[in-house]
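These notes concern the structure reproduced below.
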Amino acid sequence: MEEEEEGSGEEQQRFSYRQRLKAAVHYTVGCLCEEVASDRGMPFSKQTIAAISELTFRQCETFAKDLEMFARHAKRSTINTEDVKLLARRSNSLLKYITEKTEELAQFNTEQKAKKKKKLEDDNTKSVVPAEAAAAEKDGS
Amino acid sequence: MAETMAESYNRESEPTTRTLLRRVLDTADTRTPRRRRSARVSAQKALLETPSSRRLSSPTKMNVRRRSHRARSIGRLAHVHTSGNLEEQTPRTLLKNILLTAPESSIMMPESVVKPVPTPQVVQSSRRESSRGSLELQLPELEPPTTLALGLLAPGRRKQRLRLSVFQQGMDQGLPLSQEPRGNASASSLTSSLNLTFATPLQPQSVQRPGLARRPPTRRAVDVGAFLQDLRDTSLALASPGDSLRTPVATLQMDTVLEDTQPFSQPLVGRSPSVYHSLPCTEAEDAERAVSHRTQSSGPRLQNHNPRKPAQLLAAKAKKVDALAVSFPNNSSAISGEDGVEPLQDGVGEEAEERMEEGLSVSKVMDTTGTQGSVRTEKSKGYREMTEAVEAKEPEGSSGDEDISGRTASTELASSTTEFLQARRPQFLEPAPPPSTAVLSSEPLEPLSTRLPPRARTPGPRPRQDPHKTGLSHYVKLFSFYSKMPMEKAALEMVEKCLDKYFQHLCDDLEVFAAHAGRKTVRPEDLELLMRRQGLVNDQVSLHVLVERHLPLEYRQLLIPCAFSGNSVFPAQ
């Protein structure tokens, strides 16, 4: 009985969680549609926005499942950018966009790494210098 | 128990499957109290069997299904006695009832599956007589049941005799089986089966080609003028390009032609039958040249008819080998005249194509003779009479003369004639009725005609595309077979294109999946991933389930690990 209650409670929780997610998606889609509408000068009806948001939500579910499948296919347990690229290979423009973004990200990451390395080196040298200074002082004294 | 044992040993003089089974039934442990009666019944049967002198040693497999193929008329004799056993439903009694009552059915005779199971001897004999009367069969006199039993108890021999072809013959002619003295017995059984199969007339048809049977024979009218124009163009064009294009095209066309005659066969790439080689070659060339040379808009119409004509030619080719030279020039005259003479021109076309295949010079000759003939007939009047006279199939006298004169003619004459013919072609708009001489089964040729138009339209890259398309055309034909309605050519073309795109896409995906897993070979895991993406495999339905559902056993055991004897699992996991 408790399990059932818990189960139903969990279900309700999950359901309300889903609803919140859907609402968030709907809001975002609405904002984007407003932008496009102001750009093109053609308003979007409410049903359209609702349909698009529902579609987006379902597609996100599919994407998630596919991504998980791809990662498992490559014998990994983490989803990678490779998986995302595989998912997006159907539409050329999307694929291009994603590859550009990944390259950007990679670049950024390497830059970050370089910076961090530099910092570390500086720290090392700084620590070395005081040590030397200390040693020199010792010697000096 | 002892009594039954003794009886069983009495029967041991000639062991058949029946007796062996009976022995098992009698001697093995049983829980039913009714065994005595069954033993008595089997003893009676044994008594009937022993008089039979001819007994072949049959394989002693205890497979009930195997046994059901043997003659069972004796069982029918005892059927009345064993009827009492029918109430109790032990496996033993069921087996016994099957022994007794299963109908005679041979694996060679597909129709006998239709037979109802319990057929008492009395009913059978009466049916036999009635069938004889109804079918007007010439059966030998019915021998008494013992000899009938004799005959029916040599199932091995009967199996050898009753081949499917023989049976079909029997079906057609009313079954005059006169191979052996025992033929009457088998014949009677056949007739009884015949009687039954009349209720299901569709089954024999299924032995032949259902794909062809489904299509109603539609005869498209042929445009004579257009066709001869094609001939002329091709013969003209043959002068220039030479043999280079012929051989690759020929082999490819051959595939399609061979495919068409049997809708379910695989594309026969390697075959080189001499019969069909020439015609497909020339067809292809005709189509090509026709497209390239034709400037006017009658092209589509021509292409419609052009494949039709070659199709007809294919079938009636054998008839027209000799009279080629005769009819060609005359038929060209027919072109310039009226277009009423379909048969002639079809015959001419065939022969013309044949000759063209044989040699360029010959075709040139034909062309020139044809042009000469046409020029001549333009001047003369009464085209119809000429063509009719030609249709009477005059010997090669006139043609010989024309041949000789034709050798010296130049191609200019031919080209001028073609132009003239092109100008005159718009006149020949009425399609003539299909030729009587070219009567043929149009059904196997229609798929050919449907596929020729797309070929004709791309003469350039065709040799490159065709090797791929020949594989797809097989699927297209399957598609058209399974569709419930007849399909348009354009629709079939679309189907082929869609199939092409689909398979390309599929293979790209597989390649990408394999690369994604860091491999260079596509493995079943990639396919499973693909099916997952397609939605065929999901959390409810796994790949193994699909494999078990749809694949035959041989493929199944390649995919799903099976445990074999000696603790070996194949394929290795």
Side-chain angles (χ1 to χ4, degrees), chain A residues 3 7-8 10-11 13-15 17-18 21-22 25 51-106 109, chain B residues 468 472 494-551 555-556 558-561 569 571-573:
Chain A
E3 282 179 9
S8 63
E10 235 186 77
E11 232 185 83
Q13 257 190 0
R14 249 189 283 149
F15 184 66
Y17 190 61
R18 263 175 82 98
L21 280 173
K22 275 198 193 172
V25 167
I52 296 177
S53 57
E54 180 70 27
L55 258 173
T56 323
F57 194 77
R58 286 206 201 152
Q59 198 68 349
C60 281
E61 287 184 351
T62 316
F63 282 165
K65 286 199 199 136
D66 285 348
L67 284 169
E68 189 193 331
M69 271 197 311
F70 287 148
R72 206 181 307 155
H73 182 76
K75 301 189 182 80
R76 279 187 265 112
S77 55
T78 342
I79 294 180
N80 215 2
T81 46
E82 300 296 322
D83 300 324
V84 178
K85 278 196 233 168
L86 194 64
L87 189 73
R89 78 193 178 288
R90 284 297 162 88
S91 97
N92 283 341
S93 51
L94 188 60
L95 183 64
K96 251 199 292 182
Y97 183 73
I98 287 184
T99 40
E100 281 173 10
K101 282 283 165 177
T102 48
E103 282 168 20
E104 232 180 284
L105 261 175
N109 281 345
Chain B
H468 306 126
L472 282 183
M494 270 300 120
V495 168
E496 191 169 337
K497 274 192 206 161
C498 290
L499 278 173
D500 193 31
K501 284 216 158 69
Y502 175 73
F503 280 120
Q504 272 180 11
H505 211 72
L506 201 84
C507 292
D508 286 341
D509 278 357
L510 285 173
E511 191 187 324
V512 164
F513 289 159
H516 188 243
R519 279 186 264 109
K520 286 191 188 166
T521 336
V522 178
R523 301 203 75 235
E525 294 91 54
D526 301 322
L527 266 161
E528 175 155 9
L529 185 66
L530 181 76
M531 294 187 84
R532 248 182 208 282
R533 293 223 66 196
Q534 283 180 337
L536 291 168
V537 172
N538 51 31
D539 299 327
Q540 279 76 40
V541 179
S542 87
L543 184 64
H544 281 194
V545 169
L546 288 178
V547 165
E548 280 186 26
R549 251 187 234 166
H550 300 290
L551 291 184
Y555 294 135
R556 212 186 308 163
L558 291 175
L559 289 171
I560 302 182
V569 176
Q573 264 179 328

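Every chain is numbered from 1, with letters handed out A, B, ... down the list of sequences. Computed from a predicted model, the values in this text were never measured in an experiment.
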Legend entry - Over 12 non-hydrogen atoms of neighbours within 6.0 angstrom of CZ in A/Arg76: yes
Legend entry - Donor-acceptor contact below 3.5 Å, side chain A/His73 vs main chain B/His516: no
Inset, instruction - Nearest 0.5 Å please: distance from the CE atom of A/Met69 over to the CZ atom of B/Arg533. - result: 6.0 Å
Legend entry - Which portion of B/Asp526 sits near chain A, non-hydrogen atoms under 4.5 angstrom: both
Legend entry - Greater than 12 external heavy atoms within 6.0 Å of B/Tyr555's OH: no
Legend entry - Carboxylate-amine/guanidinium contact B/Asp509 A/Arg89, below 4.0 Å: yes
